[in-house]
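In what follows, a structure is listed as structure tokens, so that the remarks can point back to it.
All residue numbers refer to positions in the sequence shown, counting from 1.
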Amino acid sequence: MLPTLFNENKCRVGVGVGIQNQKFSISIAGVGGSSTPVQKKAEESNTTTLTPSLLSSSVAFLTLLEVVRTTASIMGSEAQKVFDAKDASSMLMELRGTFETGKTKSYEWRVSQLKSMLKMTEDCEKEIVDALHSDLSKSELESFVYEIAMLRSSLTLTLKELNRWMMSEKVKSTITTFPSSAEIVSEPLGVVLVISAWNYPFLLSLDPVVGAIAAGNAVVLKPSEIAPATSSVLAKVLGEYMDSSAIKVVEGAVPETSALLEQKWDKICYTGNGRVGRIILAAAAKHLTPVLLELGGKCPVVVDSDINIKVTTRRIIVGKWGCNNGQACIAPDHIITTKDYAPKLVDALKLELEKFYGKDPLNSEDLSRVVNSNHFSRLTKLLDDDKVSGKIVHGGQRDKTNLRIAPTILLDVPEDSRIMSEEIFGPLLPILTVDKIEDSFHMINSKEKPLAAYLFTNKKKLKEQFVRNVCAGGLLINDIALHLAVPTLPFGGVGESGMGSYHGKFSFDAFSHKKAVLYRSFAGDAPARYPPYSPGKLRLLKALLSGSIFGIIRALLGWSKA
């Protein structure tokens, strides 16, 4: 074994010599910690096999020395290639140059890019599904239905409606500006930044990009590093299918995101949690950049007693555990029902859970895993809380090696427990009880406003009370999460759960500036606007500004006000 060497950039390089079948194998790699992509590349491209006779010669030594030097140089130079603020600024300048040519504003360019993205989802479907399984163990069905198919639906709708969305909106003018006409013109904001989440890393990356392109913007997408396989696929396929002069992908983690946030964007769209949302908002405030924040919160499910319990429990289960095993911003965070009805609801949930995921749900191929060890540890701590550990009535099994936690139901969890003070974002479902179902509304409103709130009931009056009294980003009666599939409804939060909305035309509007335009002719010029002013001019201007035709006639005729 040769000693560890250092290149000029202080990058540690290990040199290994192995003997097999009378041949010497020389391999070069970075030393210390797990192999980085750069190190792996160096290992693959810098392995030389030498015969004993060659090794014994000076040529062998020189060959080995040259391999070491070359590899050290490669690894050192690649290690220095970190995306920083300078790179971000340069990229932004390039994109602004593209935008200023007007290319992205044309209907033809927008349509071509949306069609290319649609083709990409068809050509690369298997690659996308494999990446989602690698990152989250998502089943093929869940990956297709909740990520690929929803994006295709968004693209199809946008292509169908884009021409109409781009048309100016004619609006009424007033007698004050007569004769005139007015319209609202949608124009692109410029260059926008989209920072996406890891739980639906394909859909939540590209759905906002669809709106940004439709509105005529240049776009930078920063996928989540917590879903590295999907991030890599996005960088690859967008580079192949989209116009790279106007649409770019930046991979990386905190340093890369920080470098991007130092720049002045025309809008930032972020999907994730409130903690990071505050960082994004603070960075945007320095440049007065508008922000679209899609966050989350503790989405409640209110369950009344006069329901079809089988349908209710099945819909709750698929909305909770069937949506990325609870790792979804609109997944049920907790259930609120009456004390009398809770035992019946628990029994029904247990029965349907076993039907869906079997007696050993840890081995079910239809359940996603927890995304990483940090989130597994976080969820484990929620379960091990002294106030909570004795409240488990179903599930609770864990497999740390494979990052799996079984669907878990907890009954009568204290409201002051940790699991009720933070967004769960996992396969744990507490059930809280109240004396009468109407008390649930106060319980919901006493906490931060959630991204979604759900109610299961057959009572018309209760539905009306729920809609009137509960404040959330969106409401859904007698189902879970399906309001996202209705493009005529805005999707967005309120308060702690976010600001702004998108989906369908709301996506187009989110990345557009609504420009007010008023057209006037040279006719109808009113002398009363101009000095020198007189009481008669004042009377006429007052009448004009009030919009009173009778008052204008009186002023023109010189009649004094009665």
Side-chain angles (χ1 to χ4, degrees), residues 37-38 40-41 44-45 78 81 83 87-88 90-99 101 103-104 106-136 138 140 143-144 147-156 158-159 162 191-198 200-253 256-257 260 269 507 511:
V38 173
K40 289 177 181 176
K41 181 178 178 182
E44 292 169 0
S45 61
E78 292 200 25
K81 292 178 181 178
F83 185 88
D87 296 316
S90 176
M91 180 185 66
L92 186 58
M93 287 180 63
E94 179 188 345
L95 290 171
R96 290 207 182 281
T98 299
F99 180 75
T101 66
K103 175 170 70 170
T104 66
S106 74
Y107 173 77
E108 292 74 19
W109 182 86
R110 303 184 203 194
V111 167
S112 71
Q113 295 308 299
L114 295 172
K115 285 183 175 178
S116 293
M117 189 182 291
L118 187 59
K119 188 174 189 303
M120 177 197 78
T121 69
E122 296 165 353
D123 295 348
C124 306
E125 182 178 314
K126 185 179 185 305
E127 196 172 355
I128 296 162
V129 168
D130 289 345
L132 291 169
H133 187 269
S134 173
D135 287 330
L136 293 153
K138 283 193 180 185
E140 183 176 355
S143 295
F144 178 78
E147 302 231 33
I148 298 171
M150 287 191 71
L151 181 67
R152 287 180 186 170
S153 177
S154 177
L155 284 162
T156 303
T158 304
L159 283 165
L162 182 59
V191 184
V192 301
L193 172 64
V194 175
I195 304 174
S196 70
W198 55 262
Y200 287 85
F202 183 72
L203 176 67
L204 295 181
S205 291
L206 294 184
D207 203 13
V209 172
V210 170
I213 292 172
N217 299 280
V219 190
V220 173
L221 169 64
K222 166 60 183 67
S224 173
E225 70 279 6
I226 299 177
T230 308
S231 175
S232 178
V233 166
L234 284 168
K236 172 179 173 290
V237 298
L238 288 181
E240 293 172 354
Y241 283 82
M242 309 301 287
D243 181 355
S244 60
S245 71
I247 303 163
K248 295 185 180 294
V249 180
V250 174
E251 291 192 272
E256 290 77 11
T257 305
L260 290 169
C269 173
S507 291
F511 294 100

Is there a side-chain contact between [X] and [Y] in this structure, where contact means two heavy atoms from C-beta onward sitting under 4.5 Å apart?
| X | Y | answer |
| --- | --- | --- |
| L136 | P201 | yes |
| I213 | V209 | yes |
| N217 | V191 | no |
| M91 | V250 | yes |

Stepwise, does the side-chain hydrogen bond (donor to acceptor under 3.5 Å, both in side chains) test hold for D135 with W198?
-> CA-CA 9 Å; D135 287 330; W198 55 262; over 6 Å; no
E251 vs K222, salt bridge (Lys or Arg N to Asp or Glu O under 4.0 Å): CA-CA, chis, key distance, verdict = CA-CA 6 Å; E251 291 192 272; K222 166 60 183 67; over 6 Å; no
Start with the C-alpha distance between S245 and K103, add both sets of side-chain angles, then the distance that settles side-chain hydrogen bond (donor to acceptor under 3.5 Å, both in side chains), and finish with yes or no.
-> CA-CA 10 Å; S245 71; K103 175 170 70 170; 2.8 Å; yes
Only one of L203, V129, I128, T230 clears side-chain contact (heavy atoms from CB on, under 4.5 Å) with E147; which?
->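 Among L203, V129, I128, T230, the one that satisfies the side-chain contact (heavy atoms from CB on, under 4.5 Å) with E147 is L203.
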Hey, what do you get for OH (Y241) to NZ (K119), rounding to the nearest 0.5 Å?
->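 The OH atom of Y241 sits 5.0 Å away from the NZ atom of K119.
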Separation of C269 SG from L193 CG (nearest 0.5 Å) =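 Here the rounded value is 9.0 Å.
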Salt-bridge test for E125 and R152: reply yes if a basic N is under 4.0 Å from a carboxylate O, no otherwise.
->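 Here E125 pairs with R152 in a salt bridge, since their nearest N and O are under 4.0 Å apart.
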Nearest non-hydrogen partners of S205 and S196, listed with the distance |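 In this case the closest contact between S205 and S196 is OG-OG, 2.6 Å.
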Just checking, is any N or O donor in the side chain of Y200 or D207 under 3.5 Å from an acceptor N or O on the other one?
->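 No, because no side-chain N or O of Y200 sits under 3.5 Å from a partner of the opposite role on D207.
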